[in-house]
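The first residue in the sequence is number 1, and the count goes up from there.
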Amino acid sequence: MQFTDEWLVQTIEKLLDAELIATLRAEPAQDPQSLWATVVQRKLVSDDEILRAAAARFRLPVADLSVLDRSMRDAVPEPLVRRFGILPLRQTDSLLEIATANPFDIDAEKDLAFATGREVRSFLCSPLKIREKVDEVYRGGGTDVVAALLGGMDSGLEITQLDENDSVTDLAASAEEASQRPVVRLVDLMLSDGILSRASDIHIEPGEAGVAVRYRIDGVLRQVMNIPRSAGAPLISRIKIMSGLDIADRLRPQDGRARVAVNGSPVDLRVSTLPASMGEKVVIRILNAKATVLTLESLGMSVEERAQMQALLNNKEGVILVTGPTGSGKTTTLYSMLRMVQSEGVNIVTVEDPVEYRLGKGIVQVQVHEKAGLTFAAALRSILRQDPDVVLVGEIRDRETAQIAIQASLTGHLVLSTLHTNDAPNAVTRLVDMGIEGYKLASALRGIIAQRLMRKLCTTCRETTDQAPPERIRRFIPEGTKIYRPVGCPDCSMTGYRGRFSVVEVLTMNIEMERLIGGGATAEKIAEAARLNGMKSLFDSGLKHVLAGETSTDELLRVVDVPMADGGAAGSGRISGGVPAPRTDGAPRKTPTSSPVIAAVAPAPPVEAPARRIPEADLSGAFDLLDEEAAHEVSGVRRALRGISVLLVDDEDSLRKVMKDLLTRDGYQVVEARTGIEALDQTDRHAPDIIVLDLNLPGMDGYSVLKELRTRPATQKIPVIVLTAKGDEDNEVRVFELGADDFLSKPFRAKALSKRLEVVLGRRK
């Protein structure tokens, strides 16, 4: 293991036995650890001894924490402080003094100089003392004892627990009893502070150094306190008691609910526990109905986007889907859409797990209870006998729920639901994979909304930046446009962002879309037709907010992916805007959609071009090189192969790169994947003409991938060539039994691979 402070090893070796340091280095760890912090925590040597030895060896000044100016929290942003593990001490017009445990961190010095506009002067200090002081200065509390965390409880905040079914409950007796227990007051402080800080979740995570408490504010986690381990178990037990969980069961995950009132305002809490190596981790989801305004305007959608969604809601029957990952605001968007159709003459029923917000008069909300047999599918069947006009299904999780929802839409109901996909077009292929017939889906579907949440710049401290936009998005930003960047101030807790808004892509149906979906088209072709029908991508939606000064380019790149020059999505991109440019060779170009790994497909070189020799070092012994004569032999078939797509699945990057180069040179279009999960994802998105599949893959192996491909109706006819170092007879028989079309063992000749592809493709035709 490499230590984060390798510069200190020789100094500490003079204080400790070198073999002991070697033992520490050999210990397994997920992330690099600080040698200084490790030896002090294990009481192998004291802080002062290391400090004196390092200061003497490198002639470094030692930090005097008594001169700390607490107003520095407003001068240096907290994310920068925690990123580099430094503590700002004081500053003048031209100088910034900091305490650091790594005075040789040039990146920290440069970034701090740029952020503050001052020369940085470093003073040596213990990493543990720096961490304690940073917690104290930036969050108003330290990590010493629980009592220090309770100092702000007399500030007028009052928190009481409410009964799940009652809006107001008198709990004076239990409150009087709880006031005698400091840990209960700690929980009250944590909940009230989290709610008032606009946190959506509170994470309580036991570790070696204590119990860390982190808030998720505007979608990003921030550590706010570190509680001693002695207080961790009672704190978690108190939370489990509040949410009705079994405090004696610490070996199984549990889920519960609680309702509290902060200064008289009711707030719902969803509590989830997870057994971990250092103790139970607890996550509290805060559902504050008063802080959530359920309108599309409050979600930050543009006038055009709201008009598209209103047009979808004008349908009296059909299915409208909202897609996106967990935490992307899908449920809030659905609730906002229900508000738009809610009226006295409309019967609206929802089935959810869980019911996150109580929507009030005119909307009946049903809570799923699987142990009692009330599943999504069972509840949906009963709801359809209640004469509903609009039905909201919290999530389509399985084939049965999807079939009932589609059938309900075909019999005169408007069905709203969510689905976990990366973009709008892939929602179609996801439902087809669940077993929904394409012709039924084409008739039922009215629109799909893909959504993400982006952070909004704090209007108090944002400022324009003179830096050029990142190279990847420079072509999308007009010359002279004002671009803003986050700074950090007390209003936004030194993050530079306050609040979030939605970015969406809205796919609406037309005759062409129905024809494609009914005919079993791939997500790629559906995306192409949707863009021609006016669908704007998630990137387009986010870019509007950047140009309007509402968010930063960094936030745009964090949330969505940048379109490639040909209209595809770069990296793990979701579907991006623009119609793909035609290929120069006249063959149709495929536009890549969402995927974890997408290889940019280069056009095949002219026939006259000499074959490029690939260095022997890149081949990893996997196959022999083609000679020049063989390279010219394959040039005659390039035009016939051009436009055929190949999915290469192999976790050896060097081998995959060489195979890609060879196949691209032969005229194939190549898509890559390095794991089994990525292979299935790429297959769904690109519908390749043939797959070259390695068996030894991380996570999901090649056998499982092949079996999955052959059980799906949409992929069972795609030819698969298995490529593996396991060239024994039993292995060959097994892959053919699973449905492989050909078997090729490593090492192999490149010419053999190309010929096998031709033969298998010809056989399939």
- Cationic N near anionic O, under 4.0 Å, Glu304 to Lys544: yes
- Is a donor on one side and an acceptor on the other found under 3.5 Å between the side chain of Asp689 and the backbone of Ser645? yes
- Query: Is a salt bridge present between Glu512 and Arg515, judged by a nitrogen-to-oxygen distance below 4.0 Å?
  - Reply: yes
- Heavy atoms of Arg270 and Leu287 approach each other most closely as CD-CD1, 3.7 Å
- Ion pair check, Arg446 and Glu317, cut-off under 4.0 Å: yes
- Task: Say whether, by atom type as modelled, one donor and one acceptor occur between the side chain of Arg306 and the main chain of Met301 under 3.5 angstrom.
- Result: yes
- What distance separates Lys456 NZ from Phe501 CZ, expressed to the nearest 0.5 Å? 7.5 Å
- Message: Show the nearest heavy-atom pair for residues Ala379 and Val366, with the distance to one decimal.
- Response: CB-CG1, 4.4 Å
- Could you tell me whether the side chain of Ile404 reaches within less than 4.5 Å of the side chain of Arg381, counting heavy atoms only? yes
- Query: Side chain of Ser328, backbone of Pro325: donor and acceptor closer than 3.5 Å?
  - Reply: yes
- Query: Out of curiosity, Leu221 CG to Ile202 CD1, how far, rounded to the nearest 0.5 Å?
  - Reply: 11.5 Å
- With a 3.5 Å cut-off and no angle check, do the side chains of Ser552 and Tyr497 form a donor-acceptor pair? yes
- When you measure from the side chain of Asn347 to the backbone N and O of Asp387, does any donor-acceptor pair fall under 3.5 Å? yes
- Scan side-chain atoms only and decide if Glu352 and Gln367 contain a donor-acceptor pair under the 3.5 Å cut-off. no
- Answer yes if the side chains of Thr508 and Gln308 hold a donor-acceptor pair under 3.5 Å, and no otherwise. no
- Message: Between Asp433 and Arg712, does any side-chain N to carboxylate O distance fall below 4.0 Å?
- Response: yes
- Value rounded to 0.5 Å, distance of CD in Gln403 from CD in Gln407: 9.0 Å
- Does Thr401 reach the main-chain N or O of Arg397 with its side chain, forming a donor-acceptor pair under 3.5 Å? no
- Item | Atom pair CG/CD1 of Asp554 and Ile483 - distance to nearest 0.5 Å | 11.0 Å
- So do Leu416 and Val391 actually touch side chain to side chain, heavy atoms under 4.5 Å? no
- When Glu305, Glu505, Lys536, Arg452 are each screened for side-chain hydrogen bond (donor to acceptor under 3.5 Å, both in side chains) with Ser541, the one that passes is Glu305
- Item | Asp218/Arg455 salt bridge by N-O under 4.0 Å criterion | no
- Item | Side chains of Leu338 and Leu334 in contact at under 4.5 Å (non-hydrogen atoms) | no
- Query: Looking at Val559, Asp561, Leu557, Leu556, which one forms a side-chain contact (heavy atoms from CB on, under 4.5 Å) with Phe539?
  - Reply: Leu556
- Step-by-step side-chain contact (heavy atoms from CB on, under 4.5 Å) determination, Leu453 to Ser502: CA-CA 5 Å; Leu453 292 176; Ser502 299; 3.6 Å; yes
- Going by heavy atoms in the side chains, are Met340 and Gln310 under 4.5 Å from each other? yes
- Note on the structure: Interatomic distance, OH@Tyr215 vs CD1@Ile195, rounded to 0.5 Å, equals 9.5 Å
- Message: Strictly distance-based, threshold 3.5 Å: is any side-chain N or O of Thr481 a donor or acceptor partner for the main-chain N or O of Ile477?
- Response: no
- Query: Can you tell me how far CD of Glu550 sits from OH of Tyr484, rounded to the nearest 0.5 angstrom?
  - Reply: 11.0 Å
- Query: Does a sphere of radius 6.0 Å around CZ in Arg500 hold more than 12 heavy atoms from other residues, nucleotides or ligands, not counting ones at 6.0 Å or beyond?
  - Reply: yes
- Item | Heavy-atom closest contact (Leu538 atom, Ala450 atom, distance) | CD2-O, 3.6 Å
- Message: Before you tell me yes or no, could you show the steps for Met535 and Val506 under side-chain contact (heavy atoms from CB on, under 4.5 Å), namely the whole-Å CA-CA distance, both residues' side-chain angles and the distance that decides it to 0.1 Å?
- Response: CA-CA 6 Å; Met535 182 184 79; Val506 184; 5.8 Å; no
- May I ask you to decide if Asp201's main-chain N or O and Arg216's side chain share a donor-acceptor pair within less than 3.5 Å? no
- Is Thr375 close to His369 at the side-chain level, that is, under 4.5 Å between some pair of heavy atoms? no
- What residue among Thr683, Thr715, Val671 forms side-chain contact (heavy atoms from CB on, under 4.5 Å) with Pro688? Thr683
- Query: Just by distance, do the side chain of Thr273 and the backbone of Gln254 share a donor-acceptor pair under 3.5 Å?
  - Reply: yes
- Thr522 and Ala687 have their tightest heavy-atom pair at CG2-CB, 2.9 Å
- Message: Quick one, Leu414 with Asp389, criterion side-chain contact (heavy atoms from CB on, under 4.5 Å). Give me CA distance, side-chain angles, the key distance, then yes/no.
- Response: CA-CA 6 Å; Leu414 181 62; Asp389 297 301; over 6 Å; no
- Task: Compare all side-chain heavy atoms of Met434 with those of Leu431 and state whether any distance is below 4.5 angstrom.
- Result: yes
- Stepwise, does the side-chain hydrogen bond (donor to acceptor under 3.5 Å, both in side chains) test hold for Thr333 with Gln451? CA-CA 9 Å; Thr333 297; Gln451 177 170 322; 2.5 Å; yes
- Message: Evaluate Gln342 against Ile348 for side-chain contact (heavy atoms from CB on, under 4.5 Å), listing each step before the verdict.
- Response: CA-CA 7 Å; Gln342 183 180 10; Ile348 301 174; 4.2 Å; yes
- When every non-hydrogen atom of Gly373 is compared with those of Ala378, the smallest separation belongs to O-CB, 3.6 Å
- Query: Considering all heavy atoms of both residues, which atom of Gly447 and which atom of Leu312 are nearest to each other, and what is their separation?
  - Reply: CA-CD2, 3.9 Å
- Query: Would you say the side chain of Thr350 lies within less than 4.5 Å of the side chain of Val364, judging by non-hydrogen atoms?
  - Reply: no
- Val368 and Leu374, any side-chain heavy atoms less than 4.5 Å apart: no
- Can you check whether Gly394's main-chain N or O pairs, donor with acceptor, with Thr418's side chain at less than 3.5 Å? yes
- Query: Do the side-chain N and O atoms of Glu514 and Ser443 include a donor-acceptor pair separated by under 3.5 angstrom?
  - Reply: no
- Message: Has Asn426 got a side-chain atom pairing as donor or acceptor with Asp423's backbone, closer than 3.5 angstrom?
- Response: no
